[in-house]
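The block underneath contains the structure these notes are about, expressed in structure tokens.
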Amino acid sequence: MAPKYKAPRGTQDVLPEVSWRWQRVEAAFREICRRYGYGEIRTPVFEDTELFVHGTGEGTEIVTRQMYSFEDRGGRSLTLRPEGTPSVVRAFLEHGLHSRGVQKFYYIAPIFRYERPQAGRYRQHTQLGVEAIGAPGPDIDAEVIALFHDFLTEISLEGAVTHISSIGCRNCRPALSDALRAFFKPKLDDLCEFCQARYEANPLRILDCGVPADVEARVGAPSALDHICDECRAHFDAVVALLTELDIPHEVDPTIVRGLDYYTRTTFEVVHPSLGAQDVLMGGGRYDGLAEVLGGPATPGIGFGSGLERLLLVLGEEGSSPGPDVYVAAASEEARGPAFKLALELRRAGLSVEIDYIGRALRTQMREANRLRARAVALIGEDEMAAGTVTLRDMATGEQESVPAGQVAERMKSRPGGDGA
RNA sequence: GUGACCGUAGCUCAAGGGUAGAGCACCGGACUGUGGAUCCGGUGGUUGGGGGUUCAAAUCCCCUCGGUCACCCCA
């Protein structure tokens, strides 16, 4: 006990007995992205610190308190990616993709934030994300939300609720902020210290603060949706209409405000009631000003990020990993050589094969085969070696048969339930 | 960053100042070459780490590391 080294705080090891769950969810996400025409993008785990300071936003919690930043040996300030969007937009601009119409990306990438760990919140977590850059219209907004909805269906995750709103554009945001300041001015002293600071810089954020006093203070506050401009309103109404038409369940919730500076117009999140305080499964929105902020031509964009660890928390631990096709058992010390050779031959024939490496008793090998949920056991002992055969036992039925050594793979593939893959 | 609770075998947990235990798991055996059941035996711990109090500390005190929950933040 008390090993010398432990995984750093807020990080975790994913062992083979659970990583198959991760792979299953990742595979489903890749498949849905393929159907929607989103191609995988892989960007560096670290970037120029300035990318996030300007992209994510100087005043955001992420930039001011949560980044893992370091100086490399060349004196450059680098930062472990605390969110995915700036990297993707940076790559989009760097490779001149703005001249190629709408570009759609997806990624599965580790994200790093220095936060106090708790259930559903880690210092390194994995985000499944999507970014669609270059399309200004409401249809792509609906598409991105539909994509996630289909993904949840694909992994059989039930009970998630989609909230959607609009926080306006750079033209109408000032008027919205003014309306909020006017409303909160007489109550300024009642607000929490953070919200008092937000009052000037970004009064919108007061709307989703969780402090009880603030929740009370904002009763009757102006709704973002009532103060956005006609263009933003039309865009939002069109998104909602599309979702309704597509049968994507959603709730309009004017209180959702994302914590990153670059969001414009459509914002959304998907929450799940089984998760407790960290209940956001997916969050995203439109970021029509980001490309410009990063020094590129004005280009609209929209995307989301979804925490893989949280998805797995909701999915729970039902089910079990698939077992090997064949467990090769050696009945004696002398049979271990032929058994090992058989295992390799079966593997080359495309079967997944497990075998004992430490000379355990035959009984224990059988137990192991059972525990692993092997479909069959191929047994080799004195009799088999003499006859050039293998005893093949079906672990579900208990039936055994003698099979010529060279025909085991063939026999397995022809069995019911065998796919030979 | 704030507050609360909790760290004993691989896992789940007993022992609350006086020789660290159980169940599960693992290994072997009963069963001379056969799994999922039962029984028997065995391996395994400087009680998260460090310091202090005491004749004596898993147990009391302090620090530290880690986990959990809430705040906060967010995926």
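Note on naming: letters A, B, ... go to the chains in the order of the sequence lines (proteins, then strands), and numbering restarts at 1 for each one. Here the structure is a predicted model, which means the values were calculated and not measured.
Counting only heavy atoms from C-beta on, A:E382 has its side chain closest to B:G33 among B:C74, B:G33, B:U2. Comparing atom distances between the A:A361 side chain and each of B:A75, B:G29, B:U34 picks out B:G29 as nearest. Nearest to the side-chain atoms of A:P117 among the listed nucleotides B:G67, B:G3, B:A75 stands B:G67.
Side-chain contact of A:E31 with A:Y36: a donor-acceptor pair under 3.5 Å is absent, judged by distance alone. Defined by atom type and a distance below 3.5 Å, a donor-acceptor pair is missing between the side-chain atoms of A:S306 and A:Q127. In summary, the side chains of A:Q400 and A:R393 do present a donor paired with an acceptor at a separation below 3.5 Å, with no hydrogens or angles considered. Residues A:R21 and A:S321 have side chains that never bring a donor and an acceptor to within less than 3.5 angstrom of each other. For the 3.5 Å distance criterion, the side chains of A:D178 and A:H227 fail to qualify, holding no donor opposite an acceptor.
Side-chain atoms of A:R121 and base atoms of B:C72 include a donor and an acceptor less than 3.5 Å apart.
In RNA chain B, runs of at least 3 stacked Watson-Crick or G-U pairs (N1-N3 plus N6-O4 or O6-N4, or N1-O2 plus O6-N3, all under 3.5 Å) give these stems: B:1-7 with B:65-71, B:10-13 with B:21-24, B:26-30 with B:38-42, B:48-52 with B:60-64.
Remark: the backbone N or O of A:D325 is paired with a side-chain donor or acceptor of A:S352 at under 3.5 angstrom.
In this structure, A:R205 and A:T11 both approach RNA chain B, and ranking their closest nucleotides by distance from the 5' end singles out A:T11. Summary of the strand contacts: A:G307 and A:Q278 both lie near RNA chain B, and taking for each the nucleotide with the nearest heavy atom, the more 5' one is attributed to A:Q278.
Between the CD1 atom of A:I256 and the C1' atom of B:C74 there is a distance of 13 Å, given to the nearest Å. Rounded to a whole Å, the OH atom of A:Y5 is 17 Å from the P atom of B:G49. Spacing between atom CZ of A:R360 and atom P of B:C26 amounts to 9 Å, rounded to whole angstrom units. Regarding A:L362, its CG atom lies at a distance of 11 Å from the P atom of B:G28, rounded to whole Å. Taking atom CD of residue A:E269 and atom C1' of nucleotide B:C73, one finds them 12 Å apart after rounding to whole Å. Atom CG of A:L275 and atom C1' of B:C74 are 12 Å apart (whole Å). Rounded to an integer number of Å, the gap from A:Y114 OH to B:C74 C1' is 17 Å.
A salt bridge links A:E368 with A:R371: the distance from a Lys NZ or Arg NE/NH1/NH2 to an Asp or Glu carboxylate oxygen falls below 4.0 Å.
Contact check, A:R113 against B:C73: no side-chain N or O comes under 4.0 Å of OP1 or OP2. Taking 4.0 angstrom as the limit, A:T391 places none of its side-chain polar atoms (N or O) nearer than this to OP1 or OP2 of B:G33.
Geometrically, A:R30 does not engage A:Y106 in a cation-pi contact defined by less than 6.0 Å to the ring centre and at most 45° from the axis.
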Q: Using a 4.0 Å heavy-atom cut-off, write out nucleotides 35-42 of chain B from 5' to 3' as B (base contacted by protein), S (sugar-phosphate only) or - (no contact).
A: BB------
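Glycosidic conformation at B:G16 (O4'-C1'-N9-C4 for purines, O4'-C1'-N1-C2 for pyrimidines): syn, within 90° of 0.
At the heavy-atom level, A:G359 lies nowhere under 4.0 Å from the strands shown.
Shortest non-hydrogen contact noted between A:I256 and A:S165 is CG1-CB, 3.7 Å.
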